[in-house]
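Numbering starts at 1 and runs along the sequence shown.
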Amino acid sequence: TLHLRMRQHQESAAAIAELLASDDRVVTTHYPGLASHPENALASRQQNGFGGIVSAEITGGRAGAAAFLDSLELFSLAESLGGVESLACHPGTMTHASMPADVQAAAGIAPGLVRLSVGLEDADDLAADVRRALDAAGRA
């Protein structure tokens with residue numbers, strides 16, 4: 001079933017990436033499958049898909065990211081990404097918390113950065129969850 005799972009994982013991630021990239025409450029979206037991604041052409045030549053991990057910088061910095069993450073219902077907060085369930089993390093306070101703020105900034109880890117591992121749940125349900133979380137971030 002790996003082929004079927006990976007196809008769903010990537011299709012849903014692409015939909016979430018498009019949603020995030022088109023929303024004014026998102027500063028930037030990082031996903032090589034987006035035509036706007038600086039490495040899209042390279043990734044297109046080298047890969048048979050773009051994976052299921054999407055990163056986005058939410059407006060409002062740390063407060064916006066916190067509101068976004070706190071409002072997610074289908075994405076679970078976790079540091080280990082890549083399972084069949086949808087997971088989310090805040091690199092600045094989780095995976096890269098031991099790095100000083102200036103080192104995080106130099107590495108591209110902004111206070112509003114969130115990382116999503118898009119799982120196998122229904123893509124429309126995941127999109128609705130992300131929209132609700134963006135609404136909460138917009139109020140923060």
Side-chain angles (χ1 to χ4, degrees):
T1 63
L2 178 61
H3 176 72
L4 297 171
R5 288 182 283 139
M6 285 307 297
R7 183 174 62 208
Q8 182 64 39
H9 188 49
Q10 294 180 121
E11 287 176 5
S12 295
I16 296 299
E18 291 286 347
L19 184 158
L20 290 165
S22 68
D23 196 291
D24 292 340
R25 297 165 292 191
V26 176
V27 176
T28 188
T29 303
H30 306 283
Y31 184 70
L34 292 172
S36 60
H37 190 279
E39 300 296 335
N40 175 263
L42 176 64
S44 296
R45 285 193 312 273
Q46 292 182 341
Q47 301 170 194
N48 288 328
F50 302 104
I53 305 293
V54 179
S55 296
E57 185 181 343
I58 307 300
T59 58
R62 173 71 180 104
F68 178 87
L69 292 169
D70 288 345
S71 298
L72 290 170
E73 296 176 9
L74 297 179
F75 289 79
S76 298
L77 198 60
E79 286 190 356
S80 176
L81 305 177
V84 296
E85 66 279 348
S86 291
L87 304 170
C89 83
H90 182 255
T93 59
M94 296 172 73
T95 57
H96 295 76
S98 64
M99 294 170 64
D102 61 325
V103 177
Q104 285 186 19
I109 302 169
L113 185 70
V114 298
R115 188 169 294 139
L116 303 176
S117 175
V118 182
L120 303 181
E121 300 89 350
D122 181 79
D124 291 337
D125 291 344
L126 293 173
D129 195 31
V130 168
R131 281 189 201 93
R132 275 192 306 275
L134 287 169
D135 288 343
R139 292 188 297 273

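Among residues at least two apart or in separate chains, there is no salt bridge (charged side-chain N to carboxylate O under 4.0 Å, His left out) pair with a member in residues 41-58. Applying the salt bridge (charged side-chain N to carboxylate O under 4.0 Å, His left out) rule to pairs touching residues 14-26 yields Asp23-Arg25, Arg25-Asp135, sequence neighbours excluded. Within the structure, the salt bridge (charged side-chain N to carboxylate O under 4.0 Å, His left out) test picks out the following pairs touching residues 67-91 (sequence neighbours left out): Glu73-Arg132.
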Report, one line per pair, each donor and acceptor closer than 3.5 Å where one atom sits in a side chain of residues 29-36; sequence neighbours left out.
unit_1: Thr29; atom_1: OG1; unit_2: Ala21; atom_2: N; d: 3.3
unit_1: Tyr31; atom_1: OH; unit_2: Gly51; atom_2: O; d: 2.8

Taking only distance into account, with no hydrogens and no angle test, what donor-acceptor pairs under 3.5 Å do side-chain atoms of residues 97-109 form with protein atoms, sequence neighbours excluded?
unit_1: Gln104; atom_1: NE2; unit_2: Gly92; atom_2: O; d: 3.2
unit_1: Gln104; atom_1: NE2; unit_2: His96; atom_2: O; d: 2.8
unit_1: Gln104; atom_1: NE2; unit_2: Met99; atom_2: O; d: 3.2

Show me the donor-acceptor pairs, under 3.5 Å and distance only, between side chains in residues 111-122 and residues at least two apart or in other chains.
unit_1: Arg115; atom_1: NE; unit_2: Ser55; atom_2: OG; d: 3.4
unit_1: Ser117; atom_1: OG; unit_2: Gly82; atom_2: N; d: 3.1
unit_1: Glu121; atom_1: OE1; unit_2: Ser86; atom_2: N; d: 3.4
unit_1: Glu121; atom_1: OE1; unit_2: Ser86; atom_2: OG; d: 2.6
unit_1: Glu121; atom_1: OE2; unit_2: Ser86; atom_2: N; d: 3.0
unit_1: Asp122; atom_1: OD2; unit_2: Asp124; atom_2: N; d: 3.1
unit_1: Asp122; atom_1: OD2; unit_2: Asp125; atom_2: N; d: 3.1

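Neither Ile53 nor Leu77 shares a network with the other; the hydrophobic side chains, linked directly or stepwise wherever heavy atoms of I, L, V, M, F, W or Y lie under 4.5 Å apart, form separate groups for each. Under the 4.5 Å side-chain heavy-atom criterion for Ile, Leu, Val, Met, Phe, Trp and Tyr, Met94 and Leu87 are members of distinct hydrophobic clusters. The hydrophobic cluster containing Leu126 also contains Val26, counting ILVMFWY residues as joined when their side-chain heavy atoms lie under 4.5 angstrom apart, directly or transitively. Following chains of ILVMFWY side-chain contacts shorter than 4.5 Å, one can reach Leu74 starting from Ile58, so the two form part of one hydrophobic cluster.
With sequence neighbours excluded, the residues forming a side chain to side chain contact (heavy atoms under 4.5 Å, CB included) with Gln46 are Leu42, listed by chain and number. Listed by chain and number, the residues in a side chain to side chain contact (heavy atoms under 4.5 Å, CB included) with Ala140 are Ala67 (sequence neighbours excluded). The side chain to side chain contact (heavy atoms under 4.5 Å, CB included) test applied to Ser44 returns Asn40, Phe50, not counting sequence neighbours. In this structure Leu4 satisfies the side chain to side chain contact (heavy atoms under 4.5 Å, CB included) test together with Arg7, sequence neighbours excluded. With sequence neighbours excluded, no residue satisfies side-chain hydrogen bond (donor to acceptor under 3.5 Å, both in side chains) with His9.
One finds the CE atom of Met6 at 11.5 Å from the OG1 atom of Thr1 (value rounded to the nearest 0.5 Å).
Taking each heavy atom of Ser22 and Leu19 in turn, the nearest pair found is OG-O, 3.0 Å. Here the closest heavy-atom approach between residue Val130 and residue Phe75 is recorded as CG2-CE1, 3.8 Å. Nearest heavy-atom pair across Ala88 and Leu69 is CB-CD2, 3.7 Å. Of all the heavy atoms in His90 and Ala65, the pair that sits closest is CD2-CB, 3.7 Å.
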